[in-house]
Amino acid sequence: MAPVLELRGITKRFPGVLANDHINLTLDKGQIHALLGENGAGKTTLMNILYGLYQPDEGEIFVKGEKLQVHSPTDAITAGIGMVHQHFMLIPVFTVTENVMLGDETTVAGEVLDRKAAAEKIRHISETFHLQVDPDAFVADLPVGVQQRVEIIKLLYREADILILDEPTAVLTPQEADELFGILEGLTEKGKSIIFISHKLREVAKIADQITVIRLGKVVGSTTPKNADENKLASMMVGRDVLLRVDKKPAKPGKTILEVKDLKVTDERHHLTVDGVSFEVKAGEILGVAGVQGNGQTELVEAVTGLRQPFSGTITFEGKDITEFGPRAITELGSAHIPEDRQRDGLVLSYPIADNMVLNTYYQKPFAKGVLLQEKTILETANQLVKDFDVRTPSAMTHVGNLSGGNQQKVIVARELSRPLKLVVASQPTRGLDVGSIEYIHKQLIDRRDKGAAVLLVSSELDEIMQLSDRIAVMFRGRIIDIVEAKDVDKRQVGLLMAGVRGEKKADGKKRK
Amino acid sequence: MATSTATTVIKPTVEYTSTTRRFVMGGIFLALAAVIWLFFVRTTDPGAITTFGLNPGGSTQFEYPDWVFNSVNMLNILAGLAALAGGYQVARGFGKRTNLVLSLVAGAFIFGFLTWAAADQSLNLAGLLRSTLQRAVPITLGALSGILCERAGVVNIAIEGMMLTAAMVSALVGSLTNLWGGLIAGILAGGLLALIHAILSIKYKTDQIVSGTVINIFSIGITSFISAKFLQKYEELNSSGTFPQFEIPLLSKIPFIGPIAFDHNIFMYGMFLFLIVLHFGLFFTRWGLRLRSVGEHPKAADTLGINVFRTRYMAVILGGMMAGFGGAYFTLGSVGRFDEVMTAGRGFIGLAAMIFGNWRPFGAFGAGLLFGFADMLASKLAILGVQIPSEFLLMAPYIATMIVLAGVVGRSQAPAADGKPYEKE
Amino acid sequence: MAERPKPKASKETQPDRSAVKIFLDEVAKAPLIVPVLAILSGLILGGLIVALTTEEVYAVWRTSPLDAIRVGWDAAMSAYSALFNGAIGNPARIAEAFRGGDALEIRRAINPFFESLNKSVPYIFAGLAVALGFRAGLFNIGAEGQLFMGAVGAVWVGFALTGVPAIIHIPLALLAGALGGALWGFVPGLLKAKTGGHEVINTIMMNYIAFRLTEYLLRGPLQRPDSFNPVSPFIQDSAKLPRFFEDPIRFHLGFFIALAVAYGVYWLLFKTRWGFDLRTVGANPNAARYAGMNIVVVTIAAMSLSGALAGLAGANEVLGLNHNLAVAFSSGFGFDSIALALIGRSHPLGVVLAALLFGTLRNGAIQMQVSAGIPIDIISVMQAMILAFIAAPAIIRTIYRLRVPTGVADEIRVRGWGG
């Protein structure tokens, strides 16, 4: 019997990136096929191609042995393919019934909505597949786990046979995730086939029948949970052979610069995303915060840099309580911040480089005298920084928006690291950059450490954490589950910690419970 | 069933029925009670008699006797009710029924005002209501136009311009052909301007406010231009006449309400019809579900195979046609000729009514009635001999809208994707 | 959004590109090309409308379509020549007057030019108001209302204050105008910063409140005692902005005040740290927050300042030209200024140039109405079309087949409204 779904040689190029490189994938009926890979490995792109949101440059898709052209989600839906997106596609002010039937409405006389009949159908589905949900509830009132059930019901309502779930556990609590796994098993028993996208080793090993590992847009291996343990999967997923070598001397930690005590921070939706975090960073050391994205690192950095008011706990800078301080006050203490999203927070793209170089010091001498900006000084300083930090640009008056990502980041690094500093907070400092820029920025951070600054490095790139850090704190679900000396651990062990597996230090990973 | 045990949610400090809001609303109720007592009761002679006429005039089929009562007693009762509501609100709170109570208290206040104004006088209450309803017609139609566009995610501040152009076109074409020809031309003119708005804001992703401004400036220019160039010169081009008034069988026989609401021309009935059709259409049909989904979360709609762009085009053009119908009212439904800038900001009041009515047809109608009442009263104040400048009454809709928008009277719920161009990846 | 500069398209790939096309592409890189082409297109379409609304064209069309086109062309041309004469002056008449040497006749002949400058004054102020708002990421659609409040403030100080010398009276009256407008900008600014209430709706509402308030004041407290019309008393002589020539030329100091204020706005926006705050909040509020700027204060200050500028527009009309206040004193300066600010790219210099254009058109249109019988409102139609072309440059690029420029342009960003 032909497999339910087969992808052959799918290739997708974006400007400058090969997102998918001849990917093959086979999904058998009633199976859960896990697609494992780091962030940015190309998993979501592949699934968006399958769902008709992107068009592949090369490759073919077969459903039940028949070749399929997917030009739009409608084509995918017709072919029985459904997708639960990482960010839910639900309308908060609509009821469950309205969300589920949208686009495929149950109607009387062709136009008038038959909510009762649709709700009945939803009840039937939820009983058959054990997906408890109240069809009349408003989505906005439902917890995230239940919202996800609504998304799954949406697919079943359209009688999808192939279900794609993109990072379905990213937003769930462990209990909710366990519940989801139960639901998925029930679905496969009823003959549905599932593609499960994740970067979490443990859950993949737990529920998948087949595992395909993707790295940098390529399939690096296919296996089954029986034949591979988490160690092997971890090295397949993160194991980059080409390592960027960084020369660095042993750290000489001095006095404590930044101290965070029992910090709790909430996000926009009032969820507690940083849940009682404590750590300290000393002068002359780099503390790397490792962790899968979305485990509270963003909010932690925002709290430390004054962009977000913590819910409780204290932050001290050289013994001074700065919990209530705003960004400017913290900057003035001698703190630098390389923000996670450089285009959103760190730069004004419509400004020339020169203005961006003084974005947070423009009001101080020598850049301003009284209320007057000293354009000449600003320009001279910018020219010097462009030279010192090797920003490739025609001139310091070029708009930052016209620079490449690497040069944009260099502008931020130049601005932040050129001041007298006691603390550097760098969040994902090399995301999306080319090798040359990465190397350069790494050198700069180490240089700042050697000159006696405390460096707090937050990154979801494990390699980066391993190479730069003197100590590593691993964040998982808003907590720091362990702080280890960088020289005592290898990448695999940190990788397991990132996945929430708490093994013993120096353990070989098999001792997990 | 829900097992959200582990996700800790810190309760938001501001909620729909927050303490702040409870006290603010309670304060408003008490203030209204105080105004009734301080300004109305104390300035009214204790023996004064209020006389309300209950026949709107025109229709002579029924004769209801006048409603006569002691002014001060009535005012005291109204003030007492408002004070009770305020006290309860401060002490306990009406919770989700706060807005309903607010409208009741506001109604009591308005009634109190009329009672006071008509102390020792006779006031034709039925006539006032009939006039209020008439003035609510263009405002409500404008609001319905806004609802159609904004529910689909396209901000429309060009209602005023669309109405103005439609008023001119329907007068012109109505004079050349007949009333129905004028009406259809007016509706099409509104639709055509809406098409331009749609192309600018959906296809070219122009800022929707700028696009609306373009249409408003254009409309003022082109209507005044044609009016000055042709309509004033050739009187026969500007004498469309008006649609006749007719009674709706049965409905017009309803006591009191019948003569007020069911003895008008087609614009009134059109408004009632569109009100019901749009409410039903938006909330009970496939068409409405899809239209609203596009205004709330276009990407979600797109992933379910709904054509976001087409839906938005459709909604905006229909909205323009609705504004066109409302614009035709000014000429074909009211005075029978076009005068420069005759809409005089009614389109913007319609926009305000849409916001005030929370983007819902019947809410907008309620707001339209309220604003129409203020409009009507402003022109009647002089007759009543009340010492309040009419301009202040005319400001009321605008001030009320700003208060609503500021969230004092509860959050207004604009469609989530309102004003945001949709970009397909 | 950020694009890297693309390599220039090589000529080989498009062998049929004409020299004109290459020239246009080169010019397209200059920031002025789209506004210039938009204005040009607006003028062409305006002429077309004039031709299409000329009755004779249709009369002739039945016999000879070719003649009809000629008649239409003539109508458009005579309209535009009347417009030119009304805006700049009739060259023949000016030459004649200078030959004759009669001072009054010379003043009459050159008056149109100065009257155009006068008409530009409120446009400069109101355009600056809207432009300043845009720079701070705010859409001030309420310039018209602010202008009314400015006029009210100025006229009140202008007639009620007596016995002070002009050197004090004029600045006080201007200040009162600025304060009136600032108040009308402050309220929506405060609501925006504190409650998130969208400034577009709030400024529209504030417009109508201003209109009604002005009407009330002119029928009540500010009404001229001996008049039954809703007009204010005339201002004191000491509050009148000095004029530079004798009648009929009304050219007054306001024009130079406007230029000075335009320079002041330029200086504030681009030379001071306050302007840096304002522009950063407008260009990227997230980065502004990151850089430690106070968005609430900047928003309120920007809206108030914008209102003050619009208020000065009203004050100048009252103090320089009309010397009293009537309800219909503004011919929609505040609304036109939105178009103006966009054409001027929200830059003070651009605003001044666009204001001179608009003032000239408006003034010339009066003559056009008198001598060619073309209603003045054609100007609004043209302004709307110019604005449409500016706002959707893709249309202009399609018509004139220009390439899309690379790089990051200044954009106006307006956020959704409501809750």
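Proteins come first, then strands; the chains are lettered A, B, ... in the order of their sequence lines, and each starts at number 1.
For A/Asn356, no part lies near chain C; criterion is any non-hydrogen pair under 4.5 Å. Of the atoms belonging to A/Arg415, it is side-chain heavy atoms, and not backbone ones, that fall under 4.5 Å from chain C. Only the side chain of A/Glu416 comes within less than 4.5 Å of a heavy atom of chain C; its backbone N, CA, C and O stay farther away.
Atoms OH and CE, on A/Tyr362 and C/Met293 in that order, are 3.5 Å from each other to the nearest 0.5 Å. Going from atom CG of A/Asp341 over to atom OH of C/Tyr290 covers 12.0 Å, rounded to the nearest 0.5 Å.
Closest approach of C/Ala283 to A/Val348, counting heavy atoms only: CB-CG1, 3.5 Å.
Side chain of C/Arg273 to backbone of A/Ala368: no donor-acceptor contact under 3.5 angstrom is found. No side-chain donor-acceptor contact under 3.5 Å links C/Asn284 to the backbone of A/Asp345.
Contact annotation for residues 321-337 of chain A against chain C (heavy-atom separation below 4.5 Å, listed by residue number): A/Pro327, A/Arg328, A/His337.
Between A/Leu373 and C/Lys271 the shortest side-chain heavy-atom distance does not fall below 4.5 Å. Taking 4.5 Å as the limit, some side-chain heavy atom of C/Thr280 sits within range of a side-chain heavy atom of A/Leu359.
Remark: A/Arg392 CZ is loosely packed, at most 12 non-hydrogen atoms of other residues, nucleotides or ligands lying under 6.0 Å away.
Annotation: C/Phe276 is in aromatic contact with A/Tyr351 [ring centroid separation under 6.0 Å].
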